[in-house]
Amino acid sequence: MNLQQLHQLEPCLWTLPRATAEKRAEVLLYGTAPLLVSMDDKVLEQAANVAFLPGVVGASMTMPDAHWGYGFPIGGVAAFDAGQGGVISVGGVGFDISCGIRCLRSNLSLQDAAPRFNELADTLFHAIPAGVGEEGEIKVNLTQIDQILQEGANWAVKHGYGNTADLEYIEEHGRVADAVPDNVSELAKKRQRGEMGTLGSGNHYLEVQMVERIYDAAAALAFGLHEGQILISIHCGSRGLGHQIGTEYMLILAKAASRLGIRLPDRELACAPIKSPEGQQYIGAMNAAINCALANRQILTHLTRVACEKIFRDAEFETLFDVSHNTCKAETHEVDGKPRLLHVHRKGATRAFGPGHPALPERYRKVGQPVVIGGSMGTGSYILAGSSGNRAFASASHGAGRAMSRHQALARWKGRALVDELAQQGILIRTRSMRGVAEEAPGAYKDVDLVAEATEQAGLARRVAFLRPKVCVKG
DNA sequence: ATGTTC
């Protein structure tokens with residue numbers, strides 16, 4: 001991205017100046033100059049396109065890890081006011097609805113665990129179904145799917161996957177309201193029958209990590225983190241069901257936009273007014289998919305515990321938090337001094353409520369919401385805490401963010417060589433797809449350290465801990 | 001991201 005066309009407002013905040021006659025909202029890009037320079041021009045173009053959508057409030061924004069996505073940039077945040085013709089967009093949520101990260105903290109130290117990492121890697125690889133279309137041993141029927149879409153992680157706990165303590169540390173306590181299973185097609189539901197408790201593919205993973213560095217002692221204490229501690233992070237989403245909903249509603253919302261005469265700067269921005277029948281229908285289906293993803297991560301949490309207990313008999317894994325980073329949520333935010341109910345699209349962006357937010361579990365309320373920046377394979381991840389100040393409608397970065405396409409990565413790296421290289425660095429990879437590993441090469445991503453640093457400098461969230469990967473089951 | 005070109 002060429003920075004000449006931008007105006008720098010702060011060290012980590014940039015804007016695209018408006019032409020006088022132009023009727024669009026502001027465009028705000030969070031990040032350092034080097035991160036922005038490394039981004040494709042498409043990111044700016046897409047963020048500017050979003051600023052033209054009806055009812056956008058404040059600004060169309062991008063996080064420091066942004067990259068080119070379908071319609072909206074990944075790492076994009078935009079809020080809409082239903083009362084002002086605001087829209088809901090499939091591309092603003094993403095196809096992997098409620099993709100996110102479940103983070104578990106353990107009572108194991110690196111010293112305890114390291115001698116058995118090989119065995120742990122094999123056991124987790126065996127216990128966690130991963131790969132495109134891969135099904136697990138758990139089969140559910142369509143009636144049960146409807147219950148899952150309604151009850152989210154609560155359904156999983158009720159059926160023996162994990163415990164009620166987990167629920168307190170999931171966004172919305174594991175279940176979002178206003179899910180409408182009837183708005184989800186039978187095909188979407190059928191695709192999901194064998195995919196509950198599966199990891200999926202692409203950038204999804206299960207990683208065993210060690211807390212290598214603490215940045216904020218008070219927040220680390222609240223989050224139950226200390227140096228040398230073993231954590232497990234599970235990155236996955238709503239699998240076939242969410243993807244099928246995205247595919248179907250892309251068409252439905254495109255037709256609605258055309259029927260209502262909404263002019264789209266890019267056809268990939270298919271959207272409908274929040275108040276329209278199609279908009280409401282999608283919101284009901286999307287919420288159902290969020291519950292599906294929350295249930296999926298809850299089941300995976302259980303499978304992870306069972307696998308770990310085979311190796312470490314006294315191991316305990318508590319849910320630190322579960323963040324979603326592909327959602328649209330109705331939230332109240334203060335705009336020009338007045339509270340307003342807004343539909344906040346976060347696509348490849350994490351909700352990051354600051355200290356004192358009433359939605360946070362009591363244990364974390366003083367320090368802010370745990371935010372996870374999942375790094376690329378083998379580089380490391382960060383846990384942060386939401387900052388006060390409510391910047392970007394309380395949002396933060398979600399990962400390292402791609403720096404090159406999957407295609408480019410395939411041309412440049414070989415999966416087998418990467419696995420060997422990472423093993424030399426003490427990182428054990430288990431995968432069914434060497435092609436997937438090549439696509440996910442660490443070099444195909446931005447530097448996660450720079451993303452985390454910029455996230456903090458931009459005032460979006462503050463760093464609490466750095467996690468070093470040890471074992472990675474790759475989707 | 002995705003029963004990876006229904």
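Residue numbers start from 1 in every chain, and the chains themselves are labelled A, B, ... in the order their sequence lines are given, proteins ahead of strands.
- One can place NE2 of A/H204 at 16 Å from P of B/dT4, the figure rounded to the nearest angstrom.
- Here the P atom of nucleotide B/dT4 and the CG atom of A/L199 are 18 Å apart, to the nearest Å.
- Between the C1' atom of B/dC6 and the NZ atom of A/K190 lies a distance of 16 Å, rounded to the nearest Å.
- Rounded to an integer number of Å, the gap from A/H243 NE2 to B/dT4 C1' is 9 Å.
- Counting non-hydrogen atoms under 4.0 angstrom, A/G200 reaches the backbone sugars and phosphates but no base.
- At the heavy-atom level, A/G240 lies under 4.0 Å from the strands shown only through sugar-phosphate atoms.
- Using bins of under 30°, 30° to 60° and over 60° for the plane-to-plane angle, the ring pair A/F321/A/Y364 lands in the perpendicular bin.
- Under the 30°/60° scheme for interplanar angles, the aromatic rings of A/F72 and A/H345 are found to lie parallel.
- Rounded to whole Å, atom P of B/dT2 lies 11 Å from atom CG of A/N326.
- Side-chain nitrogen and oxygen atoms of A/S201 include at least one within less than 4.0 Å of the OP1 or OP2 phosphate oxygen of B/dT2.
- Ion pairing between A/E440 and A/R402 holds under the 4.0 Å rule for side-chain N and carboxylate O.
- Under the 4.0 Å criterion applied to side-chain N and carboxylate O atoms, A/R463 and A/E456 are assigned as salt-bridge partners.
- For the pair A/R435 CZ and B/dT4 C1', the interatomic distance rounds to 7 Å; values are reported in whole Å.
- Residue A/L187 is in base contact, counting any heavy-atom pair closer than 4.0 Å across all strands shown.
- Contacts of A/E439 with the nucleic acid, taken as non-hydrogen atoms under 4.0 Å apart, are absent.
- Atoms CZ (A/R432) and C1' (B/dT4) sit 17 Å apart, rounded to a whole Å.
- By the 30° and 60° cut-offs, the orientation of the rings of A/H235 relative to A/H325 is perpendicular.
- Heavy atoms of A/R406 sit under 4.0 angstrom from primed sugar atoms or phosphate atoms, though from no base atom.
- Between A/I97 atom CD1 and B/dT2 atom C1' the separation is 12 Å, expressed in whole Å.
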